[in-house]
Amino acid sequence: MKNYLIELFNTAQAKLLYLSEIDLTFSVPSQSNHGDYATNAAMILSKKLKRNPKEIANEIIANLDFDKKVIEKIEIAGPGFINFYFTSSYNSQIVKDVLHEKENFGKSKKSAGKKAMVEFISANPTGPLTVGHGRNAVVGDTVANMLEWIGYSVDREYYFNNAGRQMRVLGDSVRMRYLELLGQNIQFPDDYYQGEYIKEIAVKLKIEYGDKLIDEDAEGKFKQAAEEEIFADIIKTMERIKIRMKNFYNENTLYEKGKIKALLDEFKKKNLSYEKDEAVWLKLTELGNDMDKVIVKATGEPTYRLPDIAYHITKYDRKYDLMIDLFGSDHSATYPDVLAGLHALGYDTNKMKVLIHQFVTIMEKGEVVKMSTRKANYITLDELVDEVGSDVVRYFFNMRSITSHLNFDLDLAKKQSDENPVFYLQYAHARISSILRMTKDEGLNSSLENLELLITKEEQNLLKKLYEFPHDVIFSAENYETNRITSYLEELAALFHRFYTECRIIGSEKKLAEARIALCIAVQTVIKNGLSILGVNAPEKM
RNA sequence: GCGCCCAUAGCUCAAUUGGAUAGAGCAACAGCCUUCUAAGCUGUAGGUUAGUGGUUCGAGUCCACUUGGGCGUACCA
């Protein structure tokens, strides 16, 4: 439908040159009596041309060479909207496209040939993934999926650091728990990692080595074991929610390959850094930011900014057309420095897109649980998956805009799980499977021969919704908005359930019944495709 | 103090990026199963879009200020 309008207007541009001067948009009006699609082109042009919008609208319509079999009528309404009404027989043809393209319906080649990288999670191996990481993980993976759907070749990458103070403390935390197990009286510091998992790692070490590690350094076996155990757990958790990285990038590599030193020299050479109080500062003020920041401490150790910039340079070296960073709002202060640094070195920062998601607040028994990895006061992503399952977790994190806080009421999520919208969608999918089983027993088959018989309001609404899917996927992907997909699917499922209530298959005249079966398959296909973008299962039975 | 994000129905959130009469789901109330899955459908009720001004054909959306919240504001990441 939309594609037809776009072509129609492209043709008309030859006669009405002003049409090429504006961004044409076609939208589905919120009210059905305003047509199937509408455009505000005449109103936008009215400002430019200083003419009456209705007059312009009339002129546009007069120059649209449309097929009566496709468009039933065109009206001018309100302040100058042009409303298009499509014929029901044209609408029904979408079923052919869906059944023909199957699992590919909704994919496009819009960004074919382009390479994208989505960097997400990127948690250092100091503890299990929490619910907060869960939002990052799910949204990052889904954004990657959406980009693949519009043609990008996408690499998922996890950036981590297993050096530095954090990891030393982690190793020492394990060491102390180990010594405790050997019967020593230990004062475990408050600012050490308090979690149970530390004790578990210590237990494993004791089983394996007995008391042989009693004089071992914190940064030796203890740190190494902790990192390995924790990373293995993180990967296991990721797999439970269907996330697989292409690459894990260790910050250490940057040092080993001399990239940190090279970058430092580059900044110095370009006169972008200076020394003060025995530290090296980046001239961020000159680059438009609020204040200069330290990139190498007086101790000689770089701050995170330097490796972060060096890391992003490796992304540019790897020739990505689009680089996405996703992190929580607690890291929102870091990226302007990184972008400014890259920009100053001549990198095209338009190729980078930084997505910031707001916090996940966990409510339990009506109270907010304050989360801290250090204090082990958190709910792990694993526990969440145990409670509600991967599908609910993925759907829940995808269903809200990343700009809004996500209020996760654990008690509600547990007991309410069969009222969750994800079940509404899965139910629609399973219901169609059931219909297909039943109708097959009745000797009815899907047929594309008489689709024009699909004329009831319920059928037509469903058909029009199917047309929107590919456009919604593009829109969602280009705006990195996973919640558009969930709303689309909820609307589609609602239209299907209404159709189900009003339109019977078994008992209808054969031609109509078989056209309806085709429609059901089309709806089921789109639900399945949409759920697969979200990483949610589409069950045959429930 | 300064910067970023946010404030929409009792609760959790949408609103095609400036469009026509602001929509869903929970929760509440009233209905619908001898017929393809009632995890469903139909209806009722619920709003000064935090507030005040401004920009224009048109504002929940953009701008300014005010109020209230979250996150930052390190020689931690």
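All chains are named by letter (A, B, ...) in the order of the sequence lines, taking the proteins before the strands, and each is independently numbered beginning at 1.
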Near-ring test Tyr158(A)/Phe248(A), centroid separation under 6.0 angstrom: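 So the answer is yes for these two rings.
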
Listed partners of Phe396(A) passing ring pair (Phe, Tyr, Trp, His ring centres under 6.0 Å), at least two apart: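 So Phe396(A) forms a ring pair (Phe, Tyr, Trp, His ring centres under 6.0 Å) with Phe408(A).
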
Whole-Å distance separating the [atom1] atom of [X] from the [atom2] atom of [N]:
{"X": "Arg431(A)", "N": "C36(B)", "atom1": "CZ", "atom2": "P", "answer": "10 Å"}
{"X": "Lys48(A)", "N": "U56(B)", "atom1": "NZ", "atom2": "P", "answer": "17 Å"}
{"X": "Asn479(A)", "N": "A15(B)", "atom1": "CG", "atom2": "C1'", "answer": "14 Å"}

Where the chi angle of U17(B) falls, syn if within 90° of 0 and anti if not: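 For U17(B), whose glycosidic angle is within 90° of 0, the conformation is syn.
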
C13(B), syn or anti by chi within 90 degrees of zero: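 This nucleotide is in anti.
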
Cut-off 3.5 Å, no hydrogens considered: what does the side-chain donor-acceptor table look like for residues 465-472 of chain A, sequence neighbours left out?
unit_1: Lys465(A); atom_1: NZ; unit_2: Glu468(A); atom_2: OE1; d: 3.4
unit_1: Lys465(A); atom_1: NZ; unit_2: Glu491(A); atom_2: OE1; d: 2.4
unit_1: Tyr467(A); atom_1: OH; unit_2: Tyr90(A); atom_2: O; d: 3.0

Gap between atom CD1 of Ile61(A) and atom CG of Asn83(A) - 0.5 Å precision: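 Result: 9.0 Å between the selected atoms.
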
Between [N] and [M], how far apart are the two [atom1] atoms, rounded to whole Å?
{"N": "G53(B)", "M": "G25(B)", "atom1": "C1'", "answer": "36 Å"}
{"N": "G3(B)", "M": "G10(B)", "atom1": "P", "answer": "33 Å"}
{"N": "G72(B)", "M": "C62(B)", "atom1": "P", "answer": "25 Å"}
{"N": "G58(B)", "M": "G19(B)", "atom1": "C1'", "answer": "7 Å"}
{"N": "G70(B)", "M": "C63(B)", "atom1": "C1'", "answer": "24 Å"}

Sub-3.5 Å pairs of nitrogen or oxygen atoms, protein against nucleotides 44-46 of chain B:
none

Nucleotides 19-24 of chain B: protein proximity per nucleotide (B base, S sugar-phosphate only, - neither; heavy atom, under 4.0 Å): BBB---

Nucleotide-resolved protein contact map, nucleotides 3-8 of chain B, B/S/- at heavy-atom distance under 4.0 Å: --SS--

Only pairs at least two apart or in different chains count here, so list each salt bridge (Lys or Arg N to Asp or Glu O under 4.0 Å) that has a residue in [range].
{"range": "residues 278-291 of chain A", "answer": "none"}
{"range": "residues 502-514 of chain A", "answer": "Lys510(A)-Glu514(A)"}
{"range": "residues 432-441 of chain A", "answer": "none"}

Stepwise side chain to side chain donor-acceptor pair (under 3.5 Å) check, Glu157(A) with Tyr311(A): CA-CA 12 Å; Glu157(A) 189 158 293; Tyr311(A) 170 53; 2.7 Å; yes

Which pairs, protein N/O on one side and nucleotides 75-77 of chain B N/O on the other, fall under 3.5 Å?
unit_1: C75(B); atom_1: O2; unit_2: Ala298(A); atom_2: N; d: 2.9
unit_1: C75(B); atom_1: N4; unit_2: Asp277(A); atom_2: O; d: 3.3
unit_1: C76(B); atom_1: OP1; unit_2: Lys297(A); atom_2: NZ; d: 3.3
unit_1: C76(B); atom_1: OP2; unit_2: Lys297(A); atom_2: NZ; d: 2.5
unit_1: A77(B); atom_1: OP2; unit_2: Tyr304(A); atom_2: N; d: 2.9

What nitrogen or oxygen pairs link the protein and nucleotides 48-50 of chain B at under 3.5 Å?
none

Sugar-phosphate, base or nothing in reach of Leu436(A), heavy atoms under 4.0 Å: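 Touches nothing.
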
Glu59(A) to Tyr18(A) - nearest heavy-atom pair and separation: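 Shortest heavy-atom separation between Glu59(A) and Tyr18(A) comes out as OE2-OH, 2.6 Å.
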
Arg431(A) NZ/CZ over Tyr500(A) ring centroid, <6.0 Å and within 45° of normal: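 Flagged: Arg431(A) positioned over aromatic ring of Tyr500(A).
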
Taking distance alone, no hydrogens or angles, what donor-acceptor pairs closer than 3.5 Å link side-chain atoms of residues 24-36 of chain A to residues at least two apart or in another chain?
unit_1: Thr25(A); atom_1: OG1; unit_2: Asn40(A); atom_2: OD1; d: 3.3
unit_1: Asp36(A); atom_1: OD1; unit_2: Lys464(A); atom_2: NZ; d: 2.7
unit_1: Asp36(A); atom_1: OD2; unit_2: Phe86(A); atom_2: N; d: 2.7

Nucleotide nearest Ala430(A) when distance is taken to its side chain, options U16(B), C36(B), U37(B):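 In terms of side-chain proximity for Ala430(A), the closest of U16(B), C36(B), U37(B) is U37(B).
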
N or O in side chain of Tyr427(A) less than 4.0 angstrom from C41(B) OP1/OP2: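 No.
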
For Lys54(A), side chain to side chain contact (heavy atoms under 4.5 Å, CB included) partners two or more places apart: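 If we apply the side chain to side chain contact (heavy atoms under 4.5 Å, CB included) test to Lys54(A), skipping adjacent residues, the hits are Asn52(A), Ile76(A).
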
Worked check of side-chain contact (heavy atoms from CB on, under 4.5 Å) between His312(A) and Asp325(A): CA-CA 10 Å; His312(A) 282 87; Asp325(A) 282 16; 2.6 Å; yes

Matching residue for His429(A) among Leu489(A), Ile527(A), Thr525(A) - test: side-chain contact (heavy atoms from CB on, under 4.5 Å):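 It is Ile527(A); the other options fail the test.
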
Pairwise side-chain contact, Ile74(A) with Ile82(A), heavy-atom cut-off 4.5 Å (strictly under):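 A side-chain contact exists here, since the closest heavy-atom pair is under 4.5 Å.
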
Atom NZ of Lys2(A) with >12 non-hydrogen neighbours under 6.0 angstrom: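 Above 12, so yes.
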
